[in-house]
Amino acid sequence: MHLWMKLALTALPVTVQSVLGQHVVDLTGDGWTVSSKALNISVPGHLPSQAHLDLYAANVIDDPYYGLNDFDLRWIPDNNWTYTSHPLGGLSTNSKASWLVFNGLDTFTTIELCGQFVGTTDNQFRQYTFDVTKILNNCKSKPSLSLNFGSAPKIANEIAKNPDSEKWPYGPQQLYEFPNRWYIRKEQSDFGWDWGPAFAPAGPWRDAYLVQFDREDSIYVLNTDLDIFRQGQINHLAPDQGKPWVVNASIDFLGSLPSHPSMHIEIKDVESGKVIKSGALENVHTSGQSITGSITVGADAPNLWWPTGMGKQNLYYATIAINGAQETLASVTKRTGFRTIFLNRLNITDEQLAQGIAPGANWHFEINGQEFYAKGSNFIPPDAFWPRVTEEKMQRLFDAVVAGNQNMLRVWASGAYSPDFIYDIADERGILLWSEFQFSDAMYPVNERFLEDVAAEVSYNVRRVNHHPSLALWAGGNEIESLELPLIQEADPDNYSYWVGQYEQLFISLILPLVYENSRSISYMPSSTNNGYLYVNLSATVPMAERYDNTTDGAYYSDTDHYNYDSSVAFDLSTYPIGRFANEFGFHSMPSLQTWRQAVDEKDLHFNSSTVMLRNHHYPAGGTFTHNYKNSSMGMGEMTMAVEQYYPIPHKENSVANFSAWCHATQIFQADMYKSEIQFYRRGSGMPERQLGSLYWQLEDIWQAPTWAGIEYDGRWKVLHYVARDIYKPVIIAPYWNYTTGDLSIYVTSDLWETARGTVNLTWVDLAGQRIPGNANTPISTQFSIGGLNTTKLFEASISDLDLPDNTNAVLVMSVTAHGRLPNMQGVSAFTHQNTFTPVFSNELALVDPKVEISHDAKTGLFTVEAKNGVSLYTWLDYPAGVVGYFDDNSFTLLPGEKRQVGFTVQKDETGGKWVEGVTVQSIWDQSTN
Ligand SMILES: *[C@@H]1O[C@H](CO)[C@@H](O)[C@H](O)[C@H]1NC(C)=O
Ligand SMILES: *[C@@H]1O[C@H](CO)[C@@H](O)[C@H](O)[C@H]1NC(C)=O
Ligand SMILES: *[C@@H]1O[C@H](CO)[C@@H](O)[C@H](O)[C@H]1NC(C)=O
Ligand SMILES: *[C@@H]1O[C@H](CO)[C@@H](O)[C@H](O)[C@H]1NC(C)=O
Ligand SMILES: *[C@@H]1O[C@H](CO)[C@@H](O)[C@H](O)[C@H]1NC(C)=O
Ligand SMILES: *[C@@H]1O[C@H](CO)[C@@H](O)[C@H](O)[C@H]1NC(C)=O
């Protein structure tokens, strides 16, 4: 839309927008009241918002994230909350038709306008429109809009009680806190998850409008599906990169078109302003309330969009106009990019077999025809309340993703479909978003009403985000094929094929065609972890025939999902899954002391204080009974045992310092374990499994609690995010140690696309930093050359053959420098990486106090860290509360005599620069000393 006019209003401070023949009242803003009749509460409301947020803003409740408020505020989701607008002013007086447009209502709503019933909603993820022409024509006064939101937990329970509702032969299904989430189309983690609270919020969570038409032939754009693909492209096959681009634009609208409308497009380079295509769309046709047309663009006309680290993020504005005989009726501009992204699950070819790749099927992504190593993590809802997720916070998060050497996030299946601004940020930063439909860890109903509702949800969201070049994949849901089907097979083996049929009905027969109808550019798979498919036949009832466990020994087909809370095997490489791609894996850890202080009282700063324990939802309460110490203590115990097995045990006299050291120790274990897995998966790129991706669980936190996150709620990096950044560098060196047999091998792994050459240094020192005589039979320096997306072994020995004087007093420092070309870059770059190995775990090392010190140079802004007396392992720079940002490097090994300069990137500062004075440094030595 363009040519908006802003009018000042007294009744409702909203923006009124107007184009030719059309009048749009923006309903977002402050002009609302939220109330509960039953509780006799009425407070100022907002749109978009949710009841918790407005009650908090009005001081009716304390911060929902504080203490145990997630349990104590259950009375909020137990009640209805009504959002009532102030009387709407500025309405058109001669409109022919009026519509309400809601871009998101969470979730069960009864809508009234001018006291008249308008309609109801029951799906958080859909866009809803209602014709209110008659109601407005008959309204005697300025109309008020009222949205009465029902209690989602109660409604879910009522549906469950209905004898006609589906039941499954096992149960309860994956139950976190509120039951029966699978019956309703609402963010599933609103009912609890093992990393988050269960607030079950309600409210108008997205924007809303009142649209009025003064003319018959006027239209309002609801949604735009812009699909850019290579001519002839089919979602599950590799696109031909030599073919021209097809740009297909399909616009959903309200109102009615004149006869013979036409469409026009202009595609303009965002940076240079150069127009690369301008002209009429061809094959224009309308179907229902959608109009579609397409045009071709020369194969090489646009500059390609690439993910970060692989080239530039070239973006284009595509402006699509819908024209009547005389004039433009509507126009939309979408920022987009030209790229193909393909999930290759095709059979392994003979050519691949000849390269040493094991038979089976591929399972990796290809960008613009090029396979690459996907590095990243899983994105969960960044807040339990979406309306308060700001663009600024998401920019900081995505900057941390880029700084973390990640190129892909999996937008996990039981939060919400991400808003466009998150895809926009990902488009700019070059972060691919593997996106999922919102179904997770449960079987779902397949009755006709449910399927119709899901169909509307799927079409709307596929169309809404399809223009974003960051969109990488659609997956049907999370852990359904790999987790739920086996559970159901165990529970009801006799009827297993019936249940598989239900799974296929929803995730293949219903959703796959909806993706294919609305996107030629994006691959689809039914569930997050799977063994691929046998064939795709689009005219079959079940158009994708899953392979399931119809596999052959020695072949690989799948991506992997791996958790093991027995920390005694955390570094036993033989327990890691071997597959083509790792889409989730991890272990939980505590957040930092600074983050705990945001959410709990000072008296609760103890590892097993009841508040800390009950904020740990691993393992989940398993129902609405809130104080399940038994379950949460199991998760606390897992963290404790992991620390006790491998690291010096904190026992500081000051209890807060001890708590902080414990929190940090759990983070060190977490980071070490992820590093061990990531380097194992990355090495797999050159192994028979041809492993081409690792996305760990999970990128960021939804609140302040023990979780799998690498980034805490306010943006502070845990040890994990630093260590992941380090081990996601393009060229890495890593040790692979079998502590049972004593075998050690060292590999260099590269995810560059071309051969790189370089040197590796292996240096043995004792903990005082003195060289070990004869370098313990280890070659000091080795040259190597390594192919693109490959790995090479540099050294192999048994620790017992190394002549180490004392295994408890030995550190191997491994460093690599490689020269090679980054994808799509001119010229050669140097890549460096350093890693550390000790032949015993840290708790057995004869640690000495390295006397690690830090200073700050106000001129350069850099910190200098130095170990004055010995090897500093896990050197950790810490910063105080009030600032968000990250150090250039952290949790590193520092040898005596070495001065490491470290900068800090400030993302947000509320201390006026004073934070610098609060920066500290410590090492593993300090963990257990006072
Ligand atoms: C609560 O909201 C639901 C959904 O809008 C509605 O069906 C129900 O009638 C409401 N109940 C009350 C008491 O307002
Ligand atoms: C892929 O391999 C399977 C055997 O695992 C075979 O049944 C199928 O026909 C092959 N598909 C194609 C397209 O060659
Ligand atoms: C990796 O490098 C080895 C050794 O050069 C080579 O034999 C192998 O084919 C390469 N693997 C791939 C997938 O290119
Ligand atoms: C197993 O896969 C083979 C092809 O690899 C196919 O011919 C056969 O029908 C499949 N069996 C089942 C039970 O799906
Ligand atoms: C060491 O190797 C043995 C024998 O291959 C294996 O059973 C064990 O799991 C390995 N342990 C580690 C720590 O990798
Ligand atoms: C290896 O050591 C040599 C000699 O100290 C040094 O010049 C070189 O930069 C080192 N290379 C790496 C990769 O650390």
Side-chain angles (χ1 to χ4, degrees), residues 34-39 41 49-56 60-61 64-65 68-83 104-110 120-126 147-168 171-205 381 383-387 414-416 438-445 449-450 453 614 617 620-628 631 702-703:
V34 58
S35 57
S36 159
K37 210 184 263 173
L39 300 170
I41 294 176
S49 192
Q50 284 162 326
H52 287 83
L53 296 177
D54 289 321
L55 292 170
Y56 180 32
V60 173
I61 58 167
Y65 273 13
L68 298 177
N69 281 344
D70 64 323
F71 298 154
D72 299 340
L73 296 176
R74 291 273 160 94
W75 55 272
I76 300 177
D78 279 348
N79 281 279
N80 275 33
W81 294 94
T82 303
Y83 278 76
L105 295 170
D106 179 13
T107 288
F108 297 95
T109 323
T110 304
T120 61
T121 72
D122 63 1
N123 186 329
Q124 179 184 1
F125 309 121
R126 283 176 62 179
L147 312 169
N148 184 353
F149 290 90
S151 158
K154 283 188 178 166
I155 293 170
N157 290 344
E158 279 162 27
I159 299 173
K161 266 191 258 152
N162 184 332
D164 293 338
S165 292
E166 276 89 346
K167 301 284 182 297
W168 295 274
Q173 302 206 62
Q174 302 278 310
L175 177 59
Y176 296 94
E177 295 185 50
F178 294 115
N180 298 316
R181 61 183 168 82
W182 34 86
Y183 290 114
I184 64 170
R185 298 309 300 141
K186 172 171 173 56
E187 178 161 308
Q188 300 281 280
S189 64
D190 284 349
F191 276 32
W193 216 267
D194 48 8
W195 36 254
F199 286 111
W205 73 301
D383 203 296
F385 307 103
W386 275 97
S414 273
Q438 306 303 326
F439 301 90
S440 193
D441 298 291
M443 292 292 283
Y444 285 84
R449 223 184 62 84
F450 190 86
D453 196 27
L614 293 175
H617 292 186
T624 44
F625 161 65
T626 51
H627 288 48
N628 194 333
N631 283 6
I702 193 170
W703 71 331

* Asked: Which heavy atom of Ser414 sits nearest a heavy atom of Tyr444, and at what distance?
  -> OG-OH, 4.5 Å
* Asked: What distance separates Arg185 CZ from Arg126 CZ, expressed to the nearest 0.5 Å?
  -> 11.5 Å
* **Minimum-distance pair of heavy atoms, taken over all atoms of Phe125 and Asn123** => N-OD1, 2.8 Å
* Asked: Less than 4.5 Å apart, any side-chain heavy atom of Trp81 and any of Ile76?
  -> yes
* **Atom pair CG (Asn79) and OG (Ser35), whose distance is rounded to the nearest 0.5 Å** => 11.5 Å
* Asked: If you look at every heavy atom in Pro179 and Ala156, which pair is closest and at what distance?
  -> O-CB, 4.3 Å
* For residues Ile702 and Trp195, determine if any side-chain heavy atom of one lies less than 4.5 Å from a side-chain heavy atom of the other. => yes
* Structure fact -> Here the gap from Leu73 atom CG to Asp78 atom CG, rounded to the nearest 0.5 Å, amounts to 11.0 Å
* Structure fact -> Heavy-atom closest pair (Thr107 atom, Thr121 atom, distance to 0.1 Å) is O-OG1, 3.0 Å
* Asked: Have Asp54 and Ser49 got a donor and an acceptor in their side chains that come within less than 3.5 Å?
  -> yes
* To do: Give the C-alpha distance, both sets of side-chain angles, the deciding distance and a yes or no for side chain to side chain contact (heavy atoms under 4.5 Å, CB included) between His617 and Asp70.
  => CA-CA 12 Å; His617 292 186; Asp70 64 323; 3.4 Å; yes
* Asked: Can you find a pair of side-chain heavy atoms, one from Trp386 and one from Asp106, that are under 4.5 Å apart?
  -> no
* Under the 3.5 angstrom rule, does the side chain of Lys186 hit a backbone N or O of Pro201 as a donor-acceptor pair? -> yes
* Can you check salt bridge (Lys or Arg N to Asp or Glu O under 4.0 Å) on Arg449 and Asp122, steps first, answer last? -> CA-CA 11 Å; Arg449 223 184 62 84; Asp122 63 1; 3.5 Å; yes
* Nearest-0.5 Å distance that lies between atom CG in Leu175 and atom OG1 in Thr624 -> 8.5 Å
* To do: May I ask you to test the Leu614-Thr626 pair for a side-chain heavy-atom distance under 4.5 Å?
  => no
* **Heavy-atom side-chain contact between Asn631 and Pro620 under 4.5 Å** => no
* When His52 is tested against each of Phe149, Phe385, Tyr65 for ring-ring contact (aromatic ring centres under 6.0 Å, His included), which residue passes? -> Phe385
* Any donor-acceptor N/O pair, Thr110 side chain to Leu147 backbone, under 3.5 Å -> no
* What's the shortest heavy-atom distance between Gln174 and Trp182, and which atoms? -> O-CZ3, 3.6 Å
* Indicate yes or no: at least one non-hydrogen side-chain atom of Gln188 is less than 4.5 angstrom from one of Trp193. => yes
* To do: Give a yes or no answer on whether the side chain of Arg181 reaches the backbone of Gly192 with a donor-acceptor pair at less than 3.5 Å.
  => no
* Within a strict 4.5 Å, meaning less than it, do heavy atoms of the Pro445 and Trp168 side chains meet? -> yes
* Inter-residue atom distance Gln124.CD - Ile184.CD1, 0.5 Å rounding -> 9.0 Å
* If you look at every heavy atom in Pro77 and Ala200, which pair is closest and at what distance? -> CB-O, 3.5 Å
* Asked: Phe108 versus Asn80: any side-chain heavy-atom pair under 4.5 Å?
  -> no
* **Over 12 foreign heavy atoms within 6.0 Å of NZ, Lys167** => yes
* **Interatomic distance, Leu55 atom CG to Ile41 atom CD1 [nearest 0.5 angstrom]** => 6.0 Å
* To do: Applying ring-ring contact (aromatic ring centres under 6.0 Å, His included) between Phe191 and each of Tyr176, Phe178, Tyr183, report the one that passes.
  => Phe178
